[in-house]
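This report concerns only the one structure given below.
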Amino acid sequence: MKVLILGAGGREHALAWKLRQSPRVRSVFCAPGNGGIGEVATCVPIKLTEIERLVRFAEDEGIGLTVVGPDDALAAGVVDRFTEAGLRIFGPKQAAARLESSKVFAKEFMQRHGIPNARSGHFTDSAAARVFAAAMPLPVVLKADGLALGKGVIIAQSRGEVEQAISQIMDERKFGDAGKAIVIEEFLEGPECSIHALVDGSSYLLFPSAQDHKRALDNDEGLNTGGMGTYSPVPHLTPALEAQVKTEVMDRFVAGLRADGLEYKGMLFPGLMLTKDGVKVLEFNCRFGDPETQVLLSRLDSDLLDLLDATLDGTLALQTPRWKPGSAVCVIAASGGYPEAYESGKVITGLEKAAEHAVVFHAGTRLDGDTLKTSGGRVLGLTATGADLQEARAKAYAAADAVHFERVFFRRDIGAKGLAS
Ligand code: AMP
Ligand code: GLY
């Protein structure tokens with residue numbers, strides 16, 4: 001079978017790398033891809049906004065399965081368009097992808113179906129938002145309704161910050177139309193953890209747990225980023241909490257889809273807070289996480305294509321994938337300045353040495369002739385497996401220490417929370 005992956009990041013590199021290992025996959029294409037995905041796939045220079053060109057490419061090339069990486073492609077309806085054209089594609093349609101692209105829609109879904117979440121209100125009128133927020137204890141969490149590159153959530157520590165957040169999101173439209181509506185919710189405390197589950201419409205299959213590190217700097221300091229590194233599994237997610245995730249989140253999610261008539265065939269990746277009152281859902285993502293995918297697929301022993309096929313065929317209940325015991329760690333090497341302004345075009349060296357310790361998944365890289373250069377904020381994901389978390393960390397960091405480009409930086413504490421617990 002020929003497979004097409006849509007996207008350009010480390011997640012897509014990991015998907016291509018894993019699908020390439022399937023005996024049933026003849027070739028892998030990736031649109032648009034990046035400077036490293038070419039090692040395992042053929043990069044196709046079509047942007048994800050050019051949906052009609054993607055459909056034509058898939059038809060002309062005889063693509064048997066397309067896998068969607070990023071949320072904005074799902075929100076733009078790429079799955080609907082491929083399906084109309086009779087093409088097989090992995091991911092929810094636009095109507096169900098609103099669970100990620102509208103936080104108001106997600107909150108209403110959770111409330112309707114009894115999925116535990118933070119107490120909240122949502123508003124399209126900033127005056128009403130101010131009245132509601134004034135009655136909430138500090139800190140207050142304020143979220144732009146729409147997609148905002150992971151930056152639309154503000155945790156306000158003072159009344160002044162609450163006021164500023166409402167002004168920025170709703171009045172100044174700092175995140176554009178994403179700020180047409182706002183969700184205001186209580187601040188929850190506890191370790192964060194993410195779950196990935198394939199959902200075929202009537203059942204689901206849980207992947208092992210993973211934990212991202214969203215802040216740019218060690219000890220969770222600095223600005224929020226797309227994610228600076230992950231490890232799996234997460235010891236905080238005890239078997240008791242996992243059972244709660246199944247009964248209170250996943251069972252109710254699937255029942256809710258049915259009750260609301262939403263078709264969902266794809267990955268669901270809820271962000272969870274493990275509070276003292278149990279598991280609460282912070283958000284739904286309707287896709288694979290980045291960089292969660294890098295650690296999860298490194299641990300998957302079974303054929304990913306079998307799992308994706310079963311999702312689309314509605315036969316997930318028959319699948320029992322095998323996972324490597326031990327742990328996996330992914331350390332992101334980023335461009336100095338990220339997530340704010342950074343320079344691109346820096347020459348990357350040391351990858352052969354890094355590959356002795358870890359798998360090097362590329363994100364913001366591009367080939368300039370034969371020279372590999374940086375082209376984004378998150379540049380590489382050094383991903384290693386080990387018999388335990390300590391070994392996986394040691395290998396991922398040996399790889400991170402081996403790569404070089406001007407102003408490279410990475411967090412030193414990826415996975416440390418897992419060791420401390
Ligand atoms: P979200 O995009 O909704 O996952 O929010 C981004 C980040 O903001 C999360 O990963 C949390 O670290 C934080 N966050 C979101 N909602 C809350 C909440 N209700 N309480 C505390 N932290 C939150
Ligand atoms: N790593 C967080 C995300 O993919 O949304």
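Numbering starts at 1 and runs along the sequence shown. First listed ligand is number 1; within each ligand, the first listed atom is number 1.
Residues K180 and D145 form no side-chain contact, since every pair of their non-hydrogen atoms from C-beta on lies 4.5 Å or further apart. Side-chain contact between R11 and E292 is absent, with no heavy atoms from C-beta onward closer than 4.5 Å. H362 places a side-chain heavy atom less than 4.5 Å from the side chain of E39.
Remark: minimum distance from atom 13 (C) of ligand 1 to any protein heavy atom is reached at I155 CD1, 4.0 Å. What sits closest to atom 11 (C) of ligand 1 on the protein, heavy atoms only, is E192 OE2, 3.2 Å. V153 CG1, 3.6 Å is the protein heavy atom nearest to atom 8 (O) of ligand 1.
Not counting sequence neighbours, S209 has no partner by the side chain to side chain donor-acceptor pair (under 3.5 Å) test. When the salt bridge (charged side-chain N to carboxylate O under 4.0 Å, His left out) test is applied to D309, the partners found at least two apart in sequence or on another chain are R24, R88. Residues satisfying the salt bridge (charged side-chain N to carboxylate O under 4.0 Å, His left out) criterion with D171, sequence neighbours excluded, are R130.
Note: W17 and F361 have perpendicular aromatic rings, judged against thresholds of 30 and 60 degrees for the angle between ring planes.
Of all the heavy atoms of V141, the ones lying under 4.0 Å from any atom of ligand 1 belong exclusively to the side chain.
One option in E283, R119, E186 has a heavy atom closer to atom 2 (O) of ligand 1 than any other, and that option is E283. Here the shortest heavy-atom distance to atom 21 (C) of ligand 1, taken over D220, N224, L188, belongs to L188. Distances from atom 15 (C) of ligand 1 to the heavy atoms of K143, K103, R215, E100 show the closest one on K143.
Residue M273 approaches ligand 1 through these ligand atoms, each under 4.0 Å from one of its heavy atoms: 21 (C), 22 (N). In the vicinity of K214, heavy-atom distances shorter than 4.0 Å reach the ligand 1 atoms 10 (O). Heavy-atom proximity to F187, at under 4.0 Å, picks out these atoms of ligand 1: 20 (N), 21 (C).
Of the N or O atoms in E185, one or more lie within a sub-3.5 Å distance of an N or O in ligand 1. Backbone and side-chain nitrogen or oxygen atoms of A118 are examined, and none is located within less than 3.5 angstrom of a nitrogen or oxygen of ligand 1.
If you look at F288 and F269, their ring centroids are not closer than 6.0 Å. Ring centroids of Y204 and F253 are separated by 6.0 Å or more, keeping the two rings apart. Proximity of the aromatic rings of Y338 and F409 is defined here by a centroid distance below 6.0 angstrom, and this criterion is not met.
Under 4.0 Å from any atom of ligand 2, one finds heavy atoms of residues D212, G226, F269, R287, G289, D290, P291, E292.
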Salt bridge (charged side-chain N to carboxylate O under 4.0 Å, His left out) assessment of K417 paired with D220 = CA-CA 11 Å; K417 282 185 200 141; D220 294 332; 2.8 Å; yes
request  = Apply the test salt bridge (charged side-chain N to carboxylate O under 4.0 Å, His left out) to residues K107 and E185: give CA-CA distance (whole Å), side-chain angles for both, the deciding distance (0.1 Å), then the verdict.
outcome  = CA-CA 10 Å; K107 286 302 272 193; E185 68 181 26; 2.7 Å; yes
request  = Start with the C-alpha gap between R393 and D413, add the side-chain angles, then the distance that decides, and say whether salt bridge (charged side-chain N to carboxylate O under 4.0 Å, His left out) holds.
outcome  = CA-CA 9 Å; R393 283 190 87 210; D413 62 349; over 6 Å; no
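By the 4.0 Å heavy-atom criterion, K280 is excluded from the residues contacting ligand 1. Assignment of E189 to the shell around ligand 1 is not supported, since no heavy atom sits closer than 4.0 Å.
Proximity of atom 17 (C) of ligand 1 to the protein is indicated by at least one non-hydrogen atom lying closer than 4.0 angstrom.
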